[in-house]
Amino acid sequence: MSSFAIRLFGDPVLRQPTRPVTEIDAAIVRLCEEMIETMYAAPGVGLAANQVGVAKRLFVYDVGEGPGVVINPELVETDGTWSYFEGCLSVPELAWDIARPKTVHLRGIGLDGEELDIEADELLARCFLHEVDHLDGILVTERLDPEQRKEAMRVLRQRAVGSSSLVAPAARSDL
Ligand code: ZN
């Protein structure tokens with residue numbers, strides 16, 4: 001089995017909303033298996049299909065309880081607020097303390113074709129929010145406050161010319 005190259009900030013595929021999956025065939029199963037391998041190799045706790053250049057509405061995740069796949073995810077409800085150091089495999093070596101909802105109710109379809117209905121809290125909720133954003137063409141940099149965003153853009157601009165030395169805090173999760 002091979003693993004994918006992860007698309008990075010600036011790649012237009014990350015800005016394009018993905019298309020719903022209409023049939024779970026062998027190609028989708030294989031895609032998910034290779035995405036899980038890519039996520040573990042990174043390492044990260046979540047990976048959306050467009051992060052590997054495939055514009056399909058699905059993501060894989062593992063927040064420490066084994067791998068999961070959600071096809072055609074939709075957020076039904078969110079509640080509360082929770083701040084957490086969040087990074088993104090498509091914006092490597094950076095992370096920010098970001099407030100997002102604490103709990104989410106997510107619906108979708110599993111790789112076996114069965115309907116999923118998941119109530120998630122804290123890190124798993126964060127993962128779902130981050131991956132659904134990816135599938136809608138939204139990057140974590142759009143979830144920053146003005147000050148964080150200004151600093152992020154400065155670092156990313158420096159990185160584009162090869163002179164960045166900023167390193168993210170070690171305690172974080174990359175999604
Ligand atoms: Zn990400």
Side-chain angles (χ1 to χ4, degrees), residues 3-21 31-75 78 81-104 106 108 118 120-145 148-149 151-157 159-160 164 166-175:
S3 66
F4 292 105
I6 295 176
R7 302 301 183 91
L8 300 177
F9 183 89
D11 190 318
V13 77
L14 295 170
R15 297 293 188 180
Q16 291 156 5
T18 50
R19 291 184 302 277
V21 174
L31 169 67
C32 291
E33 286 170 356
E34 294 189 0
M35 282 174 59
I36 288 168
E37 187 172 312
T38 303
M39 173 181 73
Y40 287 144
V45 301
L47 187 68
N50 50 342
Q51 286 184 280
V52 296
V54 178
K56 292 187 187 302
R57 192 169 178 85
L58 66 86
F59 68 83
V60 302
Y61 68 97
D62 184 349
V63 297
E65 293 161 359
V69 173
V70 184
I71 295 166
N72 299 343
E74 296 296 338
L75 293 169
T78 63
T81 306
W82 188 57
S83 288
Y84 186 72
F85 261 99
E86 179 176 337
C88 177
L89 294 173
S90 294
V91 194
E93 304 295 316
L94 295 173
W96 305 269
D97 193 20
I98 300 173
R100 291 198 196 238
K102 184 173 181 296
T103 62
V104 311
L106 184 92
I118 309 173
D121 188 31
E122 297 196 342
L123 181 56
L124 184 58
R126 174 67 52 129
C127 174
F128 287 173
L129 290 161
H130 184 109
E131 303 314 330
V132 169
D133 267 359
H134 269 305
L135 298 174
D136 290 334
I138 297 167
L139 282 174
V140 66
T141 47
E142 289 164 63
R143 298 297 184 190
L144 305 179
D145 68 33
Q148 288 172 322
R149 189 173 161 81
E151 173 68 7
M153 290 307 127
R154 187 185 66 77
V155 171
L156 289 166
R157 268 196 305 272
R159 185 172 290 177
S164 169
L166 198 128
V167 174
R172 68 180 199 270
S173 290
D174 292 328
L175 304 123

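In each ligand, atom 1 is the first atom listed, and ligand 1 is the first ligand listed.
For the residue pair Ser90 / Gln51, a side-chain donor-acceptor distance below 3.5 Å is found, with atom types taken as modelled.
Listed by first and then second residue, the side-chain hydrogen bond (donor to acceptor under 3.5 Å, both in side chains) pairs that reach into residues 59-71 are Tyr40-Asp62, sequence neighbours excluded.
The ring-ring contact (aromatic ring centres under 6.0 Å, His included) search around Phe9 returns none, not counting sequence neighbours. When the side chain to side chain contact (heavy atoms under 4.5 Å, CB included) test is applied to Arg7, the partners found at least two apart in sequence or on another chain are Asp11, Val13, Leu14.
For the Zn ion (ligand 1), the count of nearby protein N/O/S atoms, taking only those under 2.8 Å, is 4.
Checking side-chain atoms of His134 against main-chain N and O of Ala48 turns up no donor-acceptor pair under 3.5 Å.
Shown here is Arg15, whose CZ atom has more than 12 heavy atoms of other residues, nucleotides or ligands within 6.0 Å.
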